[in-house]
There are 2 protein chains.
Amino acid sequence: MKRHQTTIIDIARALNISKSTVSRALTGHPNVNAQTRKAVLELAEKMEYERNMLAISLVKNKSFTIGIIVPEFMTTFFPQVVIGAQEVAAKKGYNVIISQSNESYETEVANAKVMLTNRVDGVLVSLTKETRNFDHLKIFQRKGIPIVFFNRVCEEMEVPKVVTNDYDGAFNIVEHLIQRGKKRIAHLAGPDSLLISRKRLNGYLDALRKNNIPVIEELIIPYDLTLEKVKIYVKYLLELPDPPDALFAINDPTAMEAIQIIKAKGLRIPEDIAVAGFSNDFASALIEPGLTTVSQPMREIGKTAMQLLLEMMDKEVSEWKAITRTLKAELIIRGSS
Amino acid sequence: MKRHQTTIIDIARALNISKSTVSRALTGHPNVNAQTRKAVLELAEKMEYERNMLAISLVKNKSFTIGIIVPEFMTTFFPQVVIGAQEVAAKKGYNVIISQSNESYETEVANAKVMLTNRVDGVLVSLTKETRNFDHLKIFQRKGIPIVFFNRVCEEMEVPKVVTNDYDGAFNIVEHLIQRGKKRIAHLAGPDSLLISRKRLNGYLDALRKNNIPVIEELIIPYDLTLEKVKIYVKYLLELPDPPDALFAINDPTAMEAIQIIKAKGLRIPEDIAVAGFSNDFASALIEPGLTTVSQPMREIGKTAMQLLLEMMDKEVSEWKAITRTLKAELIIRGSS
DNA sequence: CTGTTAGCGCATTCAC
DNA sequence: GTGAATGCGCTAACAG
C-alpha cells in the first residue's frame, strides 16, 4: 500500500545540503551554484524524483488544474471542444479534469462539487438540458474561481461566454431552404430550457417572416434531444395531411436520424423533403445524401473559452468582464437540400 | 489573486472548539457529540466549506485521481471508452484526469510525467502509434502505481490489459467477405508498431488461408492512420491491373474514407468492391451504404479497464496479476458487403 | 549563494 | 468525547 516516493529531503540528505537549496535547484532559481545545481538535477533524475504537485498546490494555493463540465460525449461536438481547450491549457502548464454531466442536473451539481473540493483554478461549463437552477455554479463566482460558459450558457450569470452565432446560422440555413423553393419548413427544435434552442428557433422564425412564409405552429416541435424520440416526431410530420417539404433539425444527430427515417419511408431527399442540421458533425459529410448544415468551429470554441478563463486568472476579480464571444457559424450546403 | 477559502480552522474558531473535533465531525468519525456534529455540519454548509482534497491527498498520500492517456479523441472509440471508465471511477469516488497524446510519442511521455507529478493513484493507457520505448510507463510500475493498458497495449510490460478480440473480429469479417464471393480482398492495415494492427492482419491472413485464397502482397498496405493518405492507397488499389473486389480496412474511419473515394470513382459498393471496417463507429450506420464492420464494446472496455485498475489498488503490489481480458468483437453486416 | 524557519489544510496519533 | 501536537512535501520569506 505504501508507495515509494523520492522527496526533496531524500536528495538533500544524499548530497548533504539543505532542502531549500535542492528546492531552488529544482525550480530553476538563479541563486544556486552551478555545480550544486548540476549535482541535484542529476541525482533527481537518477532517483526518478518527480515534483509533488499536491504539495506545491497546497502551499501555492493553486492547483494548476482547470475543470471542464460537459453535458455529453456522444456527439463529436464536445470532445472536439475539449481538445481545443486542452491544447491551450497544456501550453500554459495547466491540467484539465473533465467530467460529463450526462445531461443530468444532479450529476452536474455533483461534478461541480468535485471541482470545488479539488480546488480547480477555473471551470469551463456547458449546461445540461435540465439545468434551471445555478446555485452550484454561482458558488464558483462567490469563491472567486473564474468560470466561463460555452455553447450552452447560463443567461442569469454575468460571466464570460463563448457561443456560436446560433441565430444567424439558423436564419441562413432556413433562408437557404426557402431559396430552394421550400415553403412548408418544419423545425425539430431543442428544449426550451437551452438558449441555443431559442436562438435557433428565432433564426428559423425570422427567416420565414422575412420571406413572407407563414409560420405554422404544428410544424414546430420542441423535443428533449433524446434521439430515440425523433422517429415519433418525424413520422408525425410525414403523416400530416399537408406534410412539410423541408425539415430543419436542432442539431446534426437529430437531422441524420431524421434522414434515416425519411429514407426508410421511401421519400426522396431533397426532392420530397429537404433536411438541414446544425453543427457539421463528422458524420454529416458521410451520410447519404450529405447533410446540409451549419458548421461550428468546435476546436475554436474550446480554445477561446480556455483563453478567456486563463486571462481571468491573471486578473483581479474586480477586473473580470462578462464579455460574450460569438463565433461565426458557416452554412455548409450538401445534397440534403 | 487571493482566493477566499473556508477552512476547518474557520469553523473551529466560530464554534470555539478544536480543529480535530471539527475534522472528526466532517469526516463522520464516531467519537463526536451529536450536537457538536450537527453544529459543525450546519455551519460548514452555511459557510460553503468544501474539503480541500489537495491537503487530504497530501496527508493520505493518495490523490483519488486516475489518469487516462489516450492517443486521440477524433473517432468515437476513445471518448466512449473514457465514458465507461469514468462511470466506474466516479462510483468509487475517484476523479479522472484525461490527456490525449495526439498520436505523438513525446506528448505521451510528457503526459505520463504530468500524471506522475499529480500523483495519480493509477493510470489507464492506450499507446500512441509511435510508441516503441516504454520507459516513461515503466516508471509507474517501479513506483508501485498500478497501470492497465487497453486497446493499444504494450507487449513487453507484464501488466493487466483489456483488448477486443481483434484476431477473431478480423478473421470473421474477412471470412464473411469470402462468403460473399470475394476473392481479391485488399487490406488497408494499421502501422506495424501496434499490436492490434498485427492481430487484425493475422486474422485477415488466416481467413484467406483457411479458405484457400492466395495471399497477394500488393493488396496489403500498412499505413500510418493518417486519413489524408487513404486516398492515395485506395486509388492505387483501384488502378491496379487486377484490382481488388473487396477492401478490409483497419478501422471505420479509414473504411468510410475509402467508401467516399470509391463512390466518387463511380464504382458500386458492394458489387464492384465490397468494403469492411472495424469498430462500429457511430457514423458507420449512417453512411451509404451502411458499413459492414466489427463492433467493439467501447464502454465495456473502459469499464473493465477501470475495474481492473481499482482492484489492483486494493491489493499489495506482490499480488498484482498481469491478466489480459479479451472482450468479444461482433460482426455487423450492412450494405457495404 | 546557502541554511533556517514557518506554514499551506488537513488527518492522525497521543494524551486527557 | 475532546484537545494538542506532529507531519504529509513543498515554497517562501528571512537571515546570514
Side-chain angles (χ1 to χ4, degrees), chain A residues 1-41 43-44 47-65 93 116-121 143, chain B residues 1-41 43-44 47-65 93 116-121 143:
Chain A
M1 211 55 231
K2 222 173 285 165
R3 219 140 64 202
H4 169 64
Q5 184 174 195
T6 311
T7 70
I8 285 192
I9 299 188
D10 295 329
I11 62 187
R13 265 207 278 268
L15 256 34
N16 197 26
I17 56 177
S18 77
K19 306 164 219 172
S20 17
T21 303
V22 176
S23 173
R24 279 190 276 257
L26 253 19
T27 50
H29 192 100
N31 285 356
V32 178
N33 179 311
Q35 299 192 14
T36 327
R37 160 170 287 130
K38 188 157 167 280
V40 169
L41 259 27
L43 190 59
M47 296 176 74
E48 291 187 333
Y49 168 81
E50 295 288 348
R51 310 168 68 197
N52 188 332
M53 278 307 288
L54 261 32
I56 297 179
S57 298
L58 187 61
V59 32
K60 290 211 176 188
N61 192 27
K62 189 162 165 36
S63 65
F64 300 94
T65 304
L116 240 24
T117 64
N118 277 73
R119 295 295 190 272
V120 293
D121 295 329
K143 298 216 174 197
Chain B
M1 212 56 232
K2 223 173 287 167
R3 218 141 64 206
H4 169 64
Q5 183 174 192
T6 310
T7 70
I8 284 192
I9 300 188
D10 294 330
I11 59 188
R13 266 208 278 267
L15 256 32
N16 197 27
I17 56 178
S18 78
K19 306 165 218 170
S20 13
T21 303
V22 175
S23 173
R24 279 190 275 257
L26 252 20
T27 50
H29 193 99
N31 283 358
V32 178
N33 181 311
Q35 298 193 15
T36 329
R37 160 169 287 130
K38 187 157 168 281
V40 169
L41 259 27
L43 191 58
M47 295 176 77
E48 292 185 335
Y49 168 80
E50 296 287 347
R51 309 168 69 197
N52 187 333
M53 279 306 290
L54 261 32
I56 298 180
S57 298
L58 186 61
V59 33
K60 290 212 175 188
N61 193 27
K62 188 162 164 39
S63 66
F64 300 95
T65 303
L116 239 25
T117 64
N118 277 75
R119 294 297 190 271
V120 292
D121 295 329
K143 299 216 174 197

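Naming convention: chains lettered A, B, ... in sequence-line order (proteins, then strands); numbering from 1 in each chain. Computed from heavy atoms alone, side chains included, the values below leave out hydrogens, waters and symmetry copies.
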Could you pull out the closest heavy-atom pair between [X] and [Y], with the gap in Å?
{"X": "A:L41", "Y": "A:A25", "answer": "CD1-O, 3.9 Å"}
{"X": "A:S63", "Y": "A:R119", "answer": "OG-O, 2.5 Å"}
{"X": "B:Y49", "Y": "B:L26", "answer": "CE2-CD2, 3.6 Å"}

Practice problem: Under 4.0 Å between any heavy atoms, over every strand shown, what does B:R51 touch: base, sugar-phosphate, or nothing? Just pick one. | Solution: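 Sugar-phosphate only.
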Practice problem: Would you classify A:T27 as touching base, sugar-phosphate or nothing, given that sugar-phosphate means primed atoms plus P, OP1 and OP2, and contacts are heavy atoms under 4.0 Å? | Solution: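 Counting heavy atoms under 4.0 Å across all strands, the contact made by A:T27 is with sugar-phosphate only.
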How close or far is atom [atom2] of [N] from atom [atom1] of [X], stated in whole angstroms?
{"X": "A:M53", "N": "D:dC8", "atom1": "CE", "atom2": "C1'", "answer": "16 Å"}
{"X": "B:I9", "N": "D:dG3", "atom1": "CD1", "atom2": "C1'", "answer": "14 Å"}
{"X": "B:K60", "N": "D:dC8", "atom1": "NZ", "atom2": "C1'", "answer": "13 Å"}
{"X": "A:L54", "N": "D:dC8", "atom1": "CG", "atom2": "C1'", "answer": "10 Å"}
{"X": "A:M47", "N": "D:dG9", "atom1": "CE", "atom2": "C1'", "answer": "14 Å"}
{"X": "B:R119", "N": "D:dC8", "atom1": "CZ", "atom2": "P", "answer": "14 Å"}
{"X": "B:I8", "N": "D:dG3", "atom1": "CD1", "atom2": "C1'", "answer": "14 Å"}

Nearest 0.5 Å, please: how far is [atom2] in [Y] from [atom1] in [X]?
{"X": "B:T6", "Y": "B:E48", "atom1": "OG1", "atom2": "CD", "value": "7.5 Å"}
{"X": "B:M47", "Y": "B:T7", "atom1": "CE", "atom2": "OG1", "value": "7.5 Å"}
{"X": "A:I8", "Y": "A:R51", "atom1": "CD1", "atom2": "CZ", "value": "8.5 Å"}
{"X": "A:N61", "Y": "B:Q5", "atom1": "CG", "atom2": "CD", "value": "5.0 Å"}
{"X": "A:N118", "Y": "B:M53", "atom1": "CG", "atom2": "CE", "value": "6.0 Å"}

Tell me whether [X] contacts the main-chain N or O of [Y] through its side chain, where contact means a donor paired with an acceptor under 3.5 Å.
{"X": "B:S57", "Y": "B:K62", "answer": "yes"}
{"X": "A:K143", "Y": "A:L116", "answer": "no"}
{"X": "B:T27", "Y": "B:S23", "answer": "yes"}

Exercise. Not counting sequence neighbours, which residues clear side-chain contact (heavy atoms from CB on, under 4.5 Å) with A:R24? List them please.
Key: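 With sequence neighbours excluded, A:R24 shows a side-chain contact (heavy atoms from CB on, under 4.5 Å) to A:S20, A:T21, A:H29, A:V32, given in chain and number order.
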Exercise. With sequence neighbours left out, write down each residue that passes side-chain contact (heavy atoms from CB on, under 4.5 Å) with A:L15, or none if nothing qualifies.
Key: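 Applying side-chain contact (heavy atoms from CB on, under 4.5 Å) to A:L15 gives A:I17, A:A39, A:V40, A:L43.
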Quiz item: Looking at residues 28-39 of chain B, who's got a heavy atom less than 4.0 Å off DNA chain D?
Solution: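 By residue number: B:N31, B:V32, B:N33, B:T36.
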Practice problem: Residues of residues 13-23 of chain B with any non-hydrogen atom less than 4.0 angstrom from an atom of DNA chain C: list those, numerically ordered, please. | Solution: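 Going residue by residue through residues 13-23 of chain B, the ones with a heavy atom under 4.0 Å of DNA chain C turn out to be B:S20, B:S23.
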Exercise. Using the side chain to side chain contact (heavy atoms under 4.5 Å, CB included) rule, take B:L54 and A:T117 through it: C-alpha gap first, then chi angles, then the decisive distance, then the call.
Key: CA-CA 8 Å; B:L54 261 32; A:T117 64; over 6 Å; no
Quiz prompt | Overall bend - the helix from C:dC1-D:dG16 to C:dC16-D:dG1, comparing terminal axes fitted on five pairs, nearest 10 degrees | solution =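 Inter-axis angle at the ends, rounded: 40°.
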Quiz item: Considering heavy-atom distances to DNA chain D, does A:L58 or A:R24 have its closest nucleotide positioned more toward the 5' end?
Solution: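 The residue whose closest nucleotide sits nearer the 5' end is A:L58.
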Quiz item: Could you give the start and end, 5' to 3', of the contact zone on DNA chain C for chain A, using atoms under 4.0 Å from its heavy atoms?
Solution: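 On DNA chain C, the outermost contacted nucleotides are C:dC1 to C:dG9.
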